[in-house]
Amino acid sequence: FTLQVGGPSAYDKGRADTPFTASLSLDRLVLADAHLAASGRTVAIASSIDFRGRYVLSADTLQLPASLSALTVPAGSAISAANLLPAGLDWRVDGSMGALSLSAGSLSGSGSISLTTITLSGSLTLDEGARLWTSSLTVAMDASIGRRGLLLPSERLMPFAARVGRDFTLAAGATISVAGLGFPGSSGVFDAGKGPGSGLGGFTGGGGGGYGGAGGQGKNVSASGGSAYGSAQDPVDFGSGGGGGEAGAGGGAVLISVGRVLTLDGLIDASGAGLSGTSFGGGGGAGGSVNLCQAAELEGSGMILARGAL
């Protein structure tokens with residue numbers, strides 16, 4: 001059967017918000033300015049989908065039609081699923097937030113998409129203001145991230161890894177950010193942060209986290225900074241957290257491989273985070289990794305950051 005949620009005036013009257021406590025098996029799903037929530041449940045759609053206006057679709061398992069070849073998420077909309085399992089396509093399920101693999105299609109839009117793994121045989125286009133959370137992005141053709149677009153890893157201590165077969169464009173104002181998503185800082189005054197180069201704790205100020213270089217000495221004489229580790233030629237590691245109370249987390253890791261031209265007019269940020277509070281003077285987190293593994297050409301006037309925090 002067909003399920004329609006919302007209508008042309010749904011947002012005029014307040015959001016059409018439909019929670020389900022049971023799984024759904026449908027021939028066709030229509031979402032019109034609506035929110036369909038099936039937390040912990042399965043939504044299976046056999047024939048077709050019709051998503052209009054601003055919509056949110058969330059489910060534990062989302063099975064889309066086998067005929068689907070492109071998925072578009074417009075501004076103000078979002079799709080979130082633990083598992084995406086359309087029959088008849090080469091979809092993969094990997095990790096806590098799900099995975100998407102279109103065997104013959106492209107992904108585009110300006111809304112929000114959260115998936116651990118995305119594999120596209122076509123192209124990826126994120127329009128202005130779009131957000132994409134993923135830790136493994138593989139695009140056979142081109143990838144383009146518009147102004148105010150934001151790419152982030154699906155969770156802390158997961159790298160953002162992108163492999164693009166042809167051209168990858170990060171427009172001015174667009175960002176790939178893993179800032180503060182490396183090893184966490186300490187929450188205890190006398191405790192060390194996390195990671196191989198963790199800063200030590202101290203009552204009057206903890207040491208900074210280390211990675212590419214040693215972390216800074218804390219105000220307390222016993223709160224030394226963390227040691228350096230990893231490879232300067234092939235950086236792939238996360239930055240370590242600072243020591244002391246409310247200390248900052250290290251930066252995450254960005255790995256990018258492009259077949260032809262990488263145009264960087266935006267920002268890639270793998271910086272460490274500063275202390276999360278003001279009470280105990282914890283140390284800052286170390287910067288993480290930005291590894292441009294491969295690109296035939298690098299163009300643009302953007303910025304790459306992997307600095308440690310104070």
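Given the structure is predicted, the values throughout are model-derived calculations rather than measurements.
With values rounded to the nearest 0.5 angstrom, L124 atom CG is found 7.0 Å from I118 atom CD1. The line from CD1 of I268 to CD1 of I176 is 4.5 Å long, rounded to the nearest 0.5 Å. Taken to the nearest 0.5 Å, the CG atom of L298 stands 6.5 Å off from the CG atom of L292. Expressed to the nearest 0.5 Å, how far CG of L29 lies from OG of S47 amounts to 11.5 Å. A distance of 9.5 Å separates OG1 of T175 from CZ of R131, quoted to the nearest 0.5 Å. To the nearest 0.5 Å, atoms CG (L31) and CG (L57) are separated by 6.0 Å.
Counting heavy atoms from C-beta outward, V189 and D191 have side chains that stay 4.5 Å or more apart. You'll find the side chain of I45 stays beyond 4.5 Å of the side chain of Q63, heavy atoms only. Residues S58 and H35 are in side-chain contact: their nearest non-hydrogen atoms beyond the backbone lie under 4.5 Å apart. Looking at heavy atoms from C-beta onward, P153 lies out of side-chain contact with P159 at the 4.5 angstrom threshold. Side-chain contact between L126 and L151: present, with at least one pair of heavy atoms (C-beta onward) separated by less than 4.5 Å.
Side-chain N or O atoms of Q217 include none that pairs as donor or acceptor with a backbone N or O of G207 at under 3.5 Å. The closest donor-acceptor contact from the side chain of R52 to the backbone of D33 lies at 3.5 Å or more, if one exists at all. Judged by distance alone, the side chain of D27 and the main-chain N or O of A46 form no donor-acceptor pair under 3.5 Å.
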Checklist entry - After noting the C-alpha distance and the side-chain angles of V30 and R28, does the key distance pass the side chain to side chain contact (heavy atoms under 4.5 Å, CB included) rule? => result CA-CA 7 Å; V30 179; R28 184 168 184 258; 3.4 Å; yes
Next on the checklist: With side chain to side chain contact (heavy atoms under 4.5 Å, CB included) as the criterion, how do S186 and K194 come out once you've worked through the C-alpha distance, each side chain's angles and the decisive distance to 0.1 Å?
Outcome noted: CA-CA 7 Å; S186 168; K194 303 298 183 182; over 6 Å; no
Next on the checklist: Does S154 form a side chain to side chain donor-acceptor pair (under 3.5 Å) with T134? I'd like the steps, not just the answer.
Outcome noted: CA-CA 5 Å; S154 51; T134 186; over 6 Å; no
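Other members of the hydrophobic cluster containing L305, listed by chain and number, are L267, M303; membership follows side-chain contacts under 4.5 Å among ILVMFWY residues, whether direct or relayed. Cluster partners of V236 are L255, counting Ile, Leu, Val, Met, Phe, Trp and Tyr whose side-chain heavy atoms approach within less than 4.5 Å, directly or via other members. The hydrophobic cluster containing Y229, built from Ile/Leu/Val/Met/Phe/Trp/Tyr side-chain heavy atoms closer than 4.5 Å, also comprises L157, F183, Y211, F238.
Residues V254 and L181 fall into different hydrophobic clusters, defined by Ile, Leu, Val, Met, Phe, Trp and Tyr side chains chained together at heavy-atom separations under 4.5 Å. Hydrophobic cluster membership differs between L137 and M141, with clusters built from Ile, Leu, Val, Met, Phe, Trp and Tyr side chains linked at under 4.5 angstrom. In this structure, V290 is a member of the same hydrophobic cluster as V178, with clusters built from ILVMFWY side-chain heavy atoms closer than 4.5 Å.
Looking at residues two or more places apart in sequence or on another chain, you find no side-chain hydrogen bond (donor to acceptor under 3.5 Å, both in side chains) involving S231. Contacts of R148 classified as salt bridge (charged side-chain N to carboxylate O under 4.0 Å, His left out), with partners at least two apart in sequence or in another chain: E128.
Within a 6.0 Å sphere centred on CD1 of I304, heavy atoms belonging to other residues, nucleotides or ligands number more than 12.
The shortest non-hydrogen separation linking A228 to A214 is CB-N, 4.0 Å. Residues G283 and A247 approach most closely at O-CB, 3.4 Å, considering heavy atoms. Residue A270 comes nearest to G252 through the heavy atom pair CB-O, 3.8 Å, listed as atom of the first residue, atom of the second, then distance. Scanning all heavy atoms of the two residues, the minimum distance from R156 to G180 falls at NH1-O, 2.9 Å. A223 approaches G201 most closely through the heavy-atom pair CB-O, 3.5 Å. Across I145 and A174, no two heavy atoms sit closer than the pair O-CB, 3.9 Å.
Of the N and O atoms on the side chains of S289 and N291, not one donor lies less than 3.5 Å from an acceptor on the other residue.
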Residues 164-171, side-chain donor-acceptor partners within the protein, below 3.5 Å, at least two apart:
{"residue": "R166", "atom": "NE", "partner": "D142", "partner atom": "OD1", "Å": "3.3"}
{"residue": "R166", "atom": "NH2", "partner": "D142", "partner atom": "OD2", "Å": "2.9"}
{"residue": "D167", "atom": "OD1", "partner": "R260", "partner atom": "NE", "Å": "3.2"}
{"residue": "D167", "atom": "OD1", "partner": "V261", "partner atom": "N", "Å": "3.1"}
{"residue": "D167", "atom": "OD2", "partner": "R260", "partner atom": "NH2", "Å": "3.2"}

